[in-house]
Amino acid sequence: MGLKWILLLLLSIVSNAPVCAQDNPSSDTLAARASNLLSYIAVDYGDAVEGGQRLDTPLYELQKQQVEEVLHLVTQLPDRPGRKGLQNSLLALSKLIDDKASATEVRRRANAIADRLAVLYQLQRSPGYSLPSPGFMMPVYQQRCAGCHGGAGEGGTAGPDLNNPERMAGFSLYDLYNTLDPVTDSIHSADIDGDLTGLQRWALAVTVASFPVANQLPPSSDLASKYPGLLGLPGMATTKPSELEAPLQQALMWWRGNPHLVRTLVPPLVRAVGLLQLAETDYRGGDTTGAYSKLMLAYREGYRPLRQQLLIRDRELVEQLQIQWQQLRGDLIGGASSTEVIAGLQNLRENLNLAHSKLEPPVVRERRYVWAAVLFALAIGLGALLWWGLRRRKRTKL
Ligand code: HEC
């Protein structure tokens, strides 16, 4: 990270002070801003310190300030059981940075804190709709971003490269989206991204995510079937590739840069389960409308296309599922008790997982082959005995 960016970042922190001073910034805004800063700490620390030595003093000082700011933001968040633990973890992170600990240690700690923060404050880190192709926002990218970041994310004098796989692996898709939200990140002035809708920001995050994997071959379908959680939302949006092992890390980089091609690889019922999980997060956070729209999306895109197929395998389960969907819909609109709604969402997820396993191709057990071989040998033996007996009878008759 060059001095220019650091100055810009410093400026952004100064200009962000009003966010802290605002009378009543929503807890979503505070948590998203904290998450954004933590992602920068995780990604940039390796450029500031190496082998216990400072490589880049201004960046190092900036990171210390960023931890302070995160602490300040967390202090402003509503006090919930768990907030104290979060503050202690932040103090521990600050100590790690003071001690010039290794980049891996700092990155893991910062990422773990961001995850805990998201759970504690029900931060919405995944969109409620399918992600478009990277080409969808390419014209906007070329118009507004390429001047600083280069036409293919190769970087320029006024902006860093966005195609460096190692650095980009440190950001989740949500982190990229977050950098494009002027409320949580002020590196980009409002005339660059201030007017963009949520959908446009998510789509731009995908465009950016496609740069490091441009012209790369898709990962093996083996990986796709082993990790369905990373092929759909929310996993694809919230996971930082840097936290995964090597082949899976590259796979996630490719999948999130090509979500339009990945959609067909995700088993629809797995997608439905993921969406219901998101619906629960929305609901717990008080966003009933968001929960409702995800419930309907899960029904339309995950369950309905497979209903007929499932009907052939297990009619009773389909009938049960049908009742569960309807019940939940009614409960969400009608304002049933939260225990009922949450239990309903969980039961539905369990049944959808069951349905998914029913649609898997039947597993042929090896034991069956053994039995078939034994029966076959018995039949041959029996045949031979009969044949031998017949021949003897014939002979004795002769
Ligand atoms: C005026 C120049 C400029 C424009 C225009 C611009 N950016 Fe940036 N962008 C920056 C700077 C500077 C940074 C901060 C780099 C840092 O701190 O590491 C940045 C950071 C980012 C990051 C975080 C990645 C990282 O390595 O820190 C993303 C993602 C990003 N920009 C995407 C975009 C997108 C998408 C657009 C268009 C909507 C855009 N930028 C427009 C200058 C610009």
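Note that ligands are numbered from 1 as they come in the structure, with each ligand's atoms numbered from 1 the same way. What you see below is based on every heavy atom in this structure, not just the backbone, and it leaves out hydrogens, waters and symmetry mates.
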Have a look at H188 and say which of its N, O or S atoms is nearest atom 8 (Fe) of ligand 1.
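Among the N, O or S atoms of H188, the one closest to atom 8 (Fe) of ligand 1 is NE2.
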Given that the side chain starts at C-beta and the backbone is N, CA, C, O, which of these parts of [X] lies under 4.0 Å from ligand 1, counting heavy atoms, or is it both or neither?
X: L196; value: neither
X: H149; value: side chain
X: V140; value: neither

Pick from L59, L162, D175: the one approaching atom 24 (C) of ligand 1 most closely through a non-hydrogen atom
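Shortest heavy-atom distance from atom 24 (C) of ligand 1: L162.
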Out of Q142, R201, R167, who is nearest to atom 18 (O) of ligand 1 when you count heavy atoms only?
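Among Q142, R201, R167, the closest heavy atom to atom 18 (O) of ligand 1 comes from R167.
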Looking at R144, I want to see if its CZ is surrounded by more than 12 non-hydrogen atoms of other residues, nucleotides or ligands under 6.0 Å.
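Counting other residues, nucleotides and ligands, CZ of R144 exceeds 12 neighbours.
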If you count the non-hydrogen atoms of other residues, nucleotides and ligands that lie under 6.0 Å from CD in Q346, is the total more than 12?
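Counting other residues, nucleotides and ligands, CD of Q346 exceeds 12 neighbours.
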Output the list of atoms in ligand 1 that are nearer than 4.0 Å to some heavy atom of [X], sorted by atom number.
X: L176; value: 29 (C)
X: C145; value: 34 (C), 35 (C), 36 (C), 37 (C), 38 (C), 39 (C), 41 (C)
X: A158; value: 2 (C), 12 (C), 42 (C)

[X] to [Y] - nearest heavy-atom pair and separation:
X: Q63; Y: I41; answer: NE2-CA, 3.3 Å
X: R83; Y: L120; answer: N-CD2, 3.7 Å
X: E68; Y: S94; answer: OE2-OG, 4.5 Å

Roughly how far, to the nearest 0.5 Å, is CD of Q216 from CG of N258?
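Going from the CG atom of N258 to the CD atom of Q216 covers 9.5 Å.
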Measure the distances from the heavy atoms of P160 to every atom of ligand 1 and state whether one is below 4.0 angstrom.
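The answer is yes: ligand 1 sits under 4.0 Å from a heavy atom of P160.
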Report yes or no: does a heavy atom of D193 sit under 4.0 Å from some atom of ligand 1?
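So D193 does not count as touching ligand 1.
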When you check the gap from the basic side-chain N to the acidic O, do D79 and K84 get nearer than 4.0 Å?
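K84 and D79: not salt-bridged.
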Given T184, which of T29, N178, N36 fulfils the side chain to side chain donor-acceptor pair (under 3.5 Å) condition?
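Answer to the side chain to side chain donor-acceptor pair (under 3.5 Å) test with T184 among T29, N178, N36: N178.
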